[in-house]
Amino acid sequence: MPPINADPKGADVTSPIRTIERLPRWAILLLVAIIARAATFGNPIVHVDESFYFVTARSMLNGALPYVDIWDRKPIGLFLLYTPAAAFGLPLGIWAYQLMALGSAVATALMIARLADRAGWRRGALAAAVAYIAWLDLLEGQGGQAPVFYNLLMVAAAALIASSDRDHDPANRLRRGLGAMALVGIALQIKYSVVFEGLFFGLWWLWRERMRRRHAVPMLAGGALLAVVALIPTALAWGYYQAIGRGTAFAYANFASIAARQADPMLEQLGNLFKIVLITSPLFAAAVLTFLRGDRSGIRGWLFAWLAAAVFGLLAFGSWFDHYALPVLVPLCICAAGFADDPRRSPQITAIVLLIAFLGGEATVIIKRLNRGGPAQFARVVGAIGRGRGCLYVYSGDPMLYPMSGRCRLSPYVFPSHLGRKRERGAIGVDQQGEIERILALRPAVVVLRTPYFGERSELRALVIARMAKDYHLKAQVPLGRDSMSVFELKSGRYGD
């Protein structure tokens, strides 16, 4: 009787699986990530956020100053991160930032596997790393969202903290702690939301030093040094703006405007949170089972505490859009590795869950591309705008239309929803209606409007439509995914340059 893993001709059908298992981890994860992200490559409108990061980086290369010439509330490090890709121009720059994101996702997955190994969950380490890549697609991490990049910094910081746990030399522990907080400081200049995980790392370091019965003075001095190191990148950015006389603009955009932004309706926020819980529930179930049935001392206890800190950071910020959960994925996938490590029942369950998640992620990416549009449709919108003299005003749509069309802009507010969304009223440093009226008074040559969106100030759309009826004609109406893009052209007279 032939073995069960052989076909009638005697060929071993498990040989492809064994071949894959013999590959190094990085090769497996790279292959998985390429397949998972293939549908996004070369698409300039994967998500409006990363389109804007790219546009801002391009503007910086052309001399624009963030928070002054082009406005947003993200830290400047995020835009600096995009500048190498933006330097390639279009369309190569799109491929460049997407390859950067691919590399970051794979490197983060590798670090997840290493920390799972260190926790004693070696058999579940690769599954945890694959899960991270699969769940990125399910939570808007299929492109270059900020957490795709800063997750790598945070998991590297976590690895430094974990590696010092068994080091008996206080100087070595301090050096590793300083290295970890330096990485946290850089991550803070990509997205301020890492502050909670950064605080956890620092407080854990202090608690661990206290448990080693170190004297209070050197322990607190070390803790203060860690805090200073974490704040250095932000202090340098603020100091630069102070030196050029733009410190107030920096402080408002980076800090005050965040507090001034209005909250979305609570039912909408709870709906977003429910969606996150639903998507991540298999991973949380695996992590909870690991917690309940396993050893929670040492590094394992620390990993669960890190997960709690990451969840707290998610809950604290509100709104709860899908990509807000991306930072939670790192400690969550590591803790879920403990379930996959069980050699009795877990391998089969893990394989099924990973397959469903991977296929679900692929379907999600493809559906979002169909809903948002792809390169061919976007090129038709750009073609309708046309090139030439006169500026462009994208009242609602993708900011990538500015560099793709080559037309100038008339406002620092390039991200359309800053001027059109309800929650941004009173939180961007200018009156929304006043800025829209100022832009239209400059008579842009072309104005673009997408179909109405949820959360838009309808009275501002009505204002723009009224001006279009008076001074513009509808040049084209182009489908873009499930949206329709209306391209209006100035009828006659001088326009803004």
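Judged as a ring-ring contact (aromatic ring centres under 6.0 Å, His included), and not counting sequence neighbours, the contacts of F321 are Y324. In this structure, T56 has no side chain to side chain donor-acceptor pair (under 3.5 Å) partners at least two apart in sequence or on a different chain. With sequence neighbours left out, the ring-ring contact (aromatic ring centres under 6.0 Å, His included) criterion links F415 to F52, H418. Partners of F255 according to the ring-ring contact (aromatic ring centres under 6.0 Å, His included) rule, which considers only residues two or more places apart in sequence or in another chain, are Y192, W238. With sequence neighbours excluded, the residues satisfying ring-ring contact (aromatic ring centres under 6.0 Å, His included) with F317 are F196.
In summary, E489 and R443 do not engage in a salt bridge, as defined by a charged side-chain N under 4.0 Å from a carboxylate O. Under 4.0 Å is where a charged nitrogen must lie from a carboxylate oxygen, and between E456 and R461 at least one such pair does. Note on E437 versus R467: no salt bridge recorded, every NZ/NE/NH1/NH2 to OD/OE distance being 4.0 Å or above. Salt-bridge annotation for K491 and D471: absent, with no side-chain N of the basic residue lying under 4.0 Å from a carboxylate O of the acidic one.
A side-chain N or O of D398 and one of S51 form a donor-acceptor pair less than 3.5 Å apart.
Sparse packing is recorded around CZ of F274, with 12 or fewer heavy atoms of other residues, nucleotides or ligands lying under 6.0 Å away. Annotation for R423: atom CZ counts as buried by contact number, over 12 foreign heavy atoms lying within 6.0 Å. Residue R246 qualifies as open at atom CZ: its count of foreign heavy atoms under 6.0 Å is 12 or below. Under a cut-off of 6.0 angstrom, the local environment of NZ in K275 is sparse, with at most 12 non-hydrogen atoms contributed by other residues, nucleotides or ligands.
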| Under the salt bridge (Lys or Arg N to Asp or Glu O under 4.0 Å) criterion, do E424 and R73 qualify, and how do the steps go? | CA-CA 11 Å; E424 297 290 356; R73 54 176 61 91; 3.0 Å; yes
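Atom-to-atom distance recorded for R387:CZ and M404:CE is 8.0 Å, nearest 0.5 angstrom.
Distance alone, capped at 3.5 Å, is enough to place a donor-acceptor pair between the K475 side chain and the A384 backbone.
Among residue pairs with one or both ends in residues 372-413, those qualifying as ring pair (Phe, Tyr, Trp, His ring centres under 6.0 Å) are W71-Y413; sequence neighbours excluded.
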